[in-house]
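What follows is one structure encoded as structure tokens, with my remarks underneath.
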Amino acid sequence: MKNFSVVILAAGAGTRMKSSLPKVMHKLSGKPLINWVIDSVQSLKPDNIVVVLGHKSEIVEENLDKKIKAVYQKEQLGSAHALMQAAKVLKNYKGDVLVMCGDVPLVKTSALSSLLKYNAKNKASATVLAAKVEDPFGYGRIVKSGAALEKIVEEKDASPQEKLINEINSGIYCFDNNIWKALLKVKPDNAKKEYYLTDTIEILKKSGKKTLSLTAENASGLKGINNRFELHEAEMALQELKISELFEKGVTVIDANNTYISYDAQIGRDTVIYPGTFIDAGVKIGRNCVIKGTSYIKNSVLADNVSILYSYVDGADIGKGSKIGPFSHIRPGSVLKDNVKVGNFSETKKAVISKNSKVNHLSYIGDAEIGENVNIGAGTITCNYDGKNKHKTVIGADSFVGSNVNIVAPVNIGKGVLVAAGSTITHDIPSGKLAIARARQEVKQRKGR
Ligand code: UD1
Ligand code: MG
């Protein structure tokens with residue numbers, strides 16, 4: 001493929017979003033719109049990605065990768081004026097320039113590569129990615145003569161005849177480097193008094209250059225997002241796509257309308273997802289798992305045969321056959337090995353819990369390392385924080401911690417230890433010992449009885 005660079009126009013305020021956040025920072029499936037657009041083109045390995053920023057540029061910029069070059073359009077005078085701001089970076093660049101808007105998150109990489117190839121193969125100065133739609137209202141219309149593209153006419157400037165054209169400009173273009181000269185000739189002589197990028201087509205054409213349009217096979221990915229409803233529609237379209245893809249892979253989703261699964265989730269076959277589940281970004285789930293109840297899972301890896309019931313799981317690594325919940329809170333840094341059980345109202349944080357160990361009821365296990373086959377009794381708490389620092393608890397394999405034990409960290413409990421219920425452990429316990437740390441019970445006579 002011919003070398004190319006990308007310019008993403010994202011200086012507009014996105015007034016119709018009615019938001020204090022710039023439009024391109026609104027999230028679709030947890031990822032800002034502009035990042036969707038950037039990701040759609042990254043695998044084609046452009047030489048440069050230039051983003052034109054304006055409205056609240058600092059908010060957009062701090063979310064961008066360092067490799068992306070930002071240029072600024074102080075006043076939003078139109079899309080041609082926006083592209084002109086990228087001239088300082090690309091004026092002497094010899095390859096083609098792919099121009100996109102920051103609000104078309106679902107554009108397919110394949111549509112972009114087809115556009116780039118088409119422009120290069122036909123040695124055109126400009127190719128516009130077009131789409132045939134049922135309702136062209138609001139879009140720029142594609143005016144052709146034969147195969148050649150004559151011009152693009154905006155809705156507000158179109159004649160009644162032109163308004164009938166149902167082939168529209170997607171706002172995605174491939175230009176050769178004649179674009180920079182053509183931009184200088186654009187005048188704001190139109191209904192909106194803006195410098196329209198679309199006018200460069202007629203300008204290039206009149207100076208004897210070849211201008212073409214390529215009609216996309218699938219128009220759905222080319223929809224721009226301008227308001228909250230369109231954002232919602234895109235979210236729904238993405239969910240439908242993701243869940244269909246999971247069906248193809250052998251995953252059961254009982255109620256697709258009441259399940260939310262992030263675009264990047266990886267889920268193995270024969271896993272069953274029950275209604276009410278929210279799988280956020282960064283989740284990998286193995287085979288034969290069951291996710292049930294209003295569970296929320298984020299940034300976590302679940303091996304095969306794991307079950308999660310009514311639980312909140314974030315930043316965890318959960319081994320084969322482990323069972324979580326109901327009502328567990330598994331926090332970042334929890335590493336639960338195979339066949340671990342964390343039950344009702346138990347919380348784990350930065351804790352390694354080894355094979356076959358159980359934290360079944362009402363416990364807090366934080367900053368801890370727990371060996372294999374350990375039983376943690378109901379209500380056991382690792383007292384990991386002294387008000388200034390966090391301290392670690394280590395419990396060796398095959399130990400049994402009775403109910404309602406406080407373990408005041410830092411503390412090391414050996415292997416095969418028995419800790420009596422109700423103990424407050426403040427000192428290390430060697431392997432194989434029994435520790436009781438509670439006042440001995442006294443039974444006294446009750447007055448008057
Ligand atoms: C534009 C096209 C229209 C096309 C439609 C597709 C023009 C004149 N028209 O119309 O043919 O059918 O997109 O969605 O381009 N921008 C800036 N600075 C500005 C103005 C705009 O950065 O001064 C950016 C916006 O942030 C946006 C893009 O350019 O990402 C398009 O601008 P917008 O005003 O939304 O144009 P449309 O009316 O949608
Ligand atoms: Mg628009």
Side-chain angles (χ1 to χ4, degrees), residues 6 8-9 16 28 33 36-37 40-41 44 79-80 83 96-175 179 190-192 196-205 209-227 229-238 240-241 244:
V6 182
I8 299 171
L9 307 180
R16 284 168 284 174
L28 177 63
L33 297 179
W36 280 95
V37 175
S40 73
V41 77
L44 300 175
S79 46
L83 181 56
D96 280 353
V97 180
L98 177 69
V99 177
M100 309 165 73
C101 297
D103 65 354
V104 278
L106 298 181
V107 63
K108 292 228 164 49
T109 306
S110 57
L112 301 175
S113 78
S114 303
L115 176 69
L116 288 159
K117 283 181 191 149
Y118 193 82
N119 195 62
K121 192 182 85 191
N122 291 293
K123 299 193 169 58
S125 269
T127 305
V128 174
L129 190 61
K132 290 207 167 120
V133 294
E134 265 174 36
D135 179 14
F137 181 82
Y139 287 98
R141 308 299 206 283
I142 297 286
V143 182
K144 287 200 252 189
S145 85
L149 174 64
E150 284 291 312
K151 58 177 179 173
I152 298 171
V153 194
E154 292 304 301
E155 175 77 36
K156 287 193 172 157
D157 307 294
S159 66
Q161 212 62 32
E162 287 166 338
K163 281 186 178 156
L164 296 175
I165 300 173
N166 71 344
E167 188 167 17
I168 57 113
N169 166 25
S170 67
I172 300 175
Y173 320 77
C174 180
F175 295 107
I179 184 63
N190 50 56
K192 281 168 99 179
Y196 284 169
L197 177 55
T198 43
D199 286 354
T200 58
I201 299 297
E202 208 177 356
I203 293 167
L204 286 165
K205 175 95 186 151
K209 307 286 183 225
K210 196 170 183 184
T211 54
L212 298 171
S213 68
L214 175 67
T215 312
E217 279 168 28
N218 188 347
S220 65
L222 299 177
K223 274 189 112 178
I225 290 177
N226 294 303
N227 55 43
F229 181 70
E230 286 168 357
L231 182 63
H232 160 78
E233 276 186 322
E235 196 75 78
M236 292 300 104
L238 202 61
E240 207 179 308
L241 209 71
S244 313

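FYI, the numbering just counts along the sequence from 1. Given the structure is predicted, the values throughout are model-derived calculations rather than measurements.
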Answer whether the closest heavy-atom distance between the side chains of [X] and [Y] falls below 4.5 Å.
X    : Y    : answer
F175 : V99  : yes
T198 : Y173 : yes
L106 : S220 : no
P105 : I225 : yes
S114 : L214 : yes
D103 : N226 : yes

Test L116 against every option in T127, V6, L98 by the side-chain contact (heavy atoms from CB on, under 4.5 Å) rule and name the one that passes.
-> L98
Give a yes or no answer on whether the side chain of [X] reaches the backbone of [Y] with a donor-acceptor pair at less than 3.5 Å.
X    : Y    : value
S79  : L197 : yes
S170 : L129 : yes
D157 : A191 : yes
N119 : L115 : no
K210 : K123 : no
N122 : A124 : no
W36  : L28  : yes

Write down the atom of [X], the atom of [Y], and the distance for their closest heavy-atom approach.
X    : Y    : result
I201 : A126 : CD1-CB, 3.8 Å
A158 : V153 : CA-CG1, 3.5 Å
A148 : L212 : CA-CD2, 4.4 Å

Take M100 and L9 through the side-chain contact (heavy atoms from CB on, under 4.5 Å) test and state the conclusion after the steps.
-> CA-CA 6 Å; M100 309 165 73; L9 307 180; over 6 Å; no
How long is the gap from [atom1] on [X] to [atom2] on [Y], to the nearest 0.5 Å?
X    : Y    : atom1 : atom2 : result
I152 : N169 : CD1   : CG    : 4.0 Å
E154 : Y139 : CD    : OH    : 12.0 Å
N218 : K108 : CG    : NZ    : 5.0 Å
L222 : C101 : CG    : SG    : 11.0 Å

Given side-chain contact (heavy atoms from CB on, under 4.5 Å), test S125 with K205 step by step and report yes or no.
-> CA-CA 9 Å; S125 269; K205 175 95 186 151; over 6 Å; no
Does [X] come within less than 4.0 Å of [Y], counting only side-chain N to carboxylate O?
X    : Y    : result
R141 : E155 : yes
R16  : E230 : no
K151 : E162 : yes

Between F229 and H232, what is the ring plane arrangement, given parallel below 30°, perpendicular above 60°, and tilted in between?
-> tilted
After noting the C-alpha distance and the side-chain angles of V104 and K223, does the key distance pass the side-chain contact (heavy atoms from CB on, under 4.5 Å) rule?
-> CA-CA 6 Å; V104 278; K223 274 189 112 178; over 6 Å; no
Please lay out, stage by stage, how I142 and I168 fare under the test side-chain contact (heavy atoms from CB on, under 4.5 Å).
-> CA-CA 5 Å; I142 297 286; I168 57 113; 5.6 Å; no
Decide if atom CD of E233 counts as having more than 12 heavy atoms of other residues, nucleotides or ligands within a radius under 6.0 Å.
-> yes
